[in-house]
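First the structure, in the form of structure tokens, and then the observations on it.
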Amino acid sequence: MSTRGVSEQSGATPPGYFDAASTEPLHPAAREVLLAAADEGWADPARLYGSARRARLLLDNAREVVAAVVGARPDEVTFTASGTQAIQLGMLGTVAARRRQGGGPRAVAVSAVEHSAVLQSAAHLARHDGTTTTEVGVDRDGLVDPARFADAVDDDTALACLQAANHEVGTVQPVDEVGERCAERGVPLLVDAAQAAGRVALPRRWSVLAASAHKWGGPAGVGVLAIRRDVRWRSPLPEDERGGGRAPGFENVPGALAAAAALRARWEEAEAVAGRQRELVDHIRTRVPELLADVDVVGHPTRRLPHLVTFSCLYLDGEALVTELDRAGFAISSGSSCTSSTLRPSHVLAAMGALTHGNVRVSLTRDATRADVDRFLAAVVDVVTRLRAGLEAL
Amino acid sequence: MTDATLVLDCRGMRCPLPIIELARHIVDVEVGATVTVLADDPAAASDVPAWCRMRSHEYLGADDDAYTVRRLH
């Protein structure tokens, strides 16, 4: 069998990989566990013989570890096929339980800067279940005002959704404050914790929480859906006994265990990693406007994820920046319209009133160093200066 | 549609080109006068006001695809 394109390589992050918010390479702790669990956890966890019981044990173990880190009980946690699937099942299932035969509350409240998986699920509910979507705006820093969010939640709200932290600009949202208001009104709150899990302390006042293992250095193909025991949820899919009746199909036991190992390792090192990353991100936030004219550094200055920083360069094309920085050895992403398949600018940047073109999102892996960042800053200055040639007078 | 001193037709151009045109031609009008940019790239809706904020000009608003700016300096 050929697996062309796969080379014999260790799991070390290539220097210059600054797109951890898209995905992080496998954590060393997950690497060993993944291999061991593939050997030991291959059997069907739903069966009753020895190897099956072993697989079940590993799966239960994974669930316990993840539950402890996200602040849930083990029986509240289900592994899904992805973070997106966790969001879809979380939103559709919660709304399905709240809306019976078309009755019940019909509004879905979301912040304007949610991940597209949340916004698309809200649009899907509107098309197929007759819900309406209430979008709550953000300020210049991408921050939701909890009072404004609370005003958007009333007796007709079936579900509220607020991210733990924003995936494009890193702003950490006031979830617990919003969660308290939702709880007072008896409205379930879904929290997309994809960018925050394993990096910062998670909010506690959620009803449903979704996360994605490959964002914290676990393997791809593993999402986490946690639903509090007192929250009503009804599967939007055909009946299936797997995944506790919540996620369909045969469980990915090795993946779940490796995801749990990575999450525990990340959690144990979170403070040290975040401390290093905050210093590097602060350095980028300070240096970029000193080194370059006409740059908009976006995202909240203090209420932010440790590893992520975003800025936009006036007069530049995001695609050209991505391409030129790639040529210089740096992987970054961009929310500019020319880098999206729809040619629409990032809805996050637009909602913040930020410049959408010339956008660069830098997100550091756990082992990024000051030397990497300084090389990156030098490359950014060079690339921006070259791309702006002829536009200096503007 | 507009009584701006200068109208820049940037329809069919993708951002950042309409913003570059705006920056090039804002100096063609007197301080206090206005420039209207016609742009059908949806990014202009964010980028014209953001440019005004960054370059300290006044964003007067949009009428469909027409974005009007007052030169302040």
Side-chain angles (χ1 to χ4, degrees), chain A residues 112-113 137-142 168-169 288-289 292-299 310-322 324 334-360 384 387-394, chain B residues 4-73:
Chain A
V113 295
V138 293
D139 68 8
R140 283 281 321 281
D141 293 327
E168 285 188 42
V169 301
V288 163
L292 293 165
D294 296 321
V295 177
D296 205 11
V297 179
V298 295
T310 302
F311 55 90
S312 295
C313 307
L314 206 50
Y315 310 132
L316 295 186
D317 175 13
E319 191 178 350
L321 279 166
V322 171
E324 289 302 310
S334 171
S336 296
S337 51
C338 44
T339 62
S340 80
S341 53
T342 57
L343 293 178
R344 294 223 151 245
S346 142
H347 66 274
V348 173
L349 298 174
M352 294 167 64
L355 190 69
T356 70
H357 67 246
N359 180 253
V360 172
V384 169
L387 292 175
R388 275 187 181 159
L391 301 172
E392 292 88 350
L394 299 185
Chain B
T5 319
L6 178 67
V7 177
L8 303 170
D9 188 351
C10 299
R11 286 172 293 191
M13 288 184 197
R14 301 231 324 254
C15 271
L17 292 177
I19 308 304
I20 293 174
E21 284 303 294
L22 172 59
R24 273 205 176 111
H25 292 287
I26 190 84
V27 290
D28 295 352
V29 303
E30 300 291 321
V31 171
T34 59
V35 176
T36 293
V37 184
L38 306 179
D40 47 16
D41 183 335
S46 310
D47 289 359
V48 174
W51 179 83
C52 290
R53 173 173 52 75
M54 291 172 74
R55 303 313 305 259
S56 310
H57 292 290
E58 187 185 359
Y59 176 61
L60 296 176
D63 182 2
D64 238 350
D65 283 353
Y67 304 88
T68 302
V69 172
R70 186 191 309 282
R71 181 179 174 193
L72 292 186
H73 56 89

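Naming: A, B, ... by sequence-line order, numbering from 1 per chain.
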- Item | Shortest non-hydrogen separation from A/His357 to B/Ile19 and the atoms involved | CE1-CG1, 3.6 Å

- Message: Which atoms of B/Arg24 are under 4.5 Å from chain A, going by heavy atoms: the side chain, the backbone, both sets, or neither?
- Response: both

- Proximity breakdown for A/Leu394 and chain B, heavy-atom pairs closer than 4.5 Å: both

- Query: B/Ile20 and side-chain contact (heavy atoms from CB on, under 4.5 Å): which partner among A/Leu314, A/Leu391, A/Leu316?
  - Reply: A/Leu391

- Say you draw a straight line from CG of A/Asp294 to CH2 of B/Trp51; how long is it, rounded to the nearest 0.5 Å? 10.0 Å

- Item | Minimum heavy-atom distance A/Tyr315-B/Pro16, with the two atoms named | O-CG, 3.5 Å

- Message: For A/Glu392, is the CD atom crowded, meaning more than 12 foreign heavy atoms sit under 6.0 Å from it?
- Response: yes

- Starting at OG of B/Ser46, measure out to NE2 of A/His347 and round the result to the nearest 0.5 Å. 12.0 Å

- Query: Hey, what do you get for CZ (B/Arg53) to CG (A/Leu355), rounding to the nearest 0.5 Å?
  - Reply: 7.5 Å

- Quick one: CG on B/Asp47 to OG on A/Ser312, what's the gap to the nearest 0.5 Å? 8.0 Å

- Note on the structure: Okay, A/Arg388 and chain B: the region with an atom under 4.5 Å from a heavy atom over there is neither

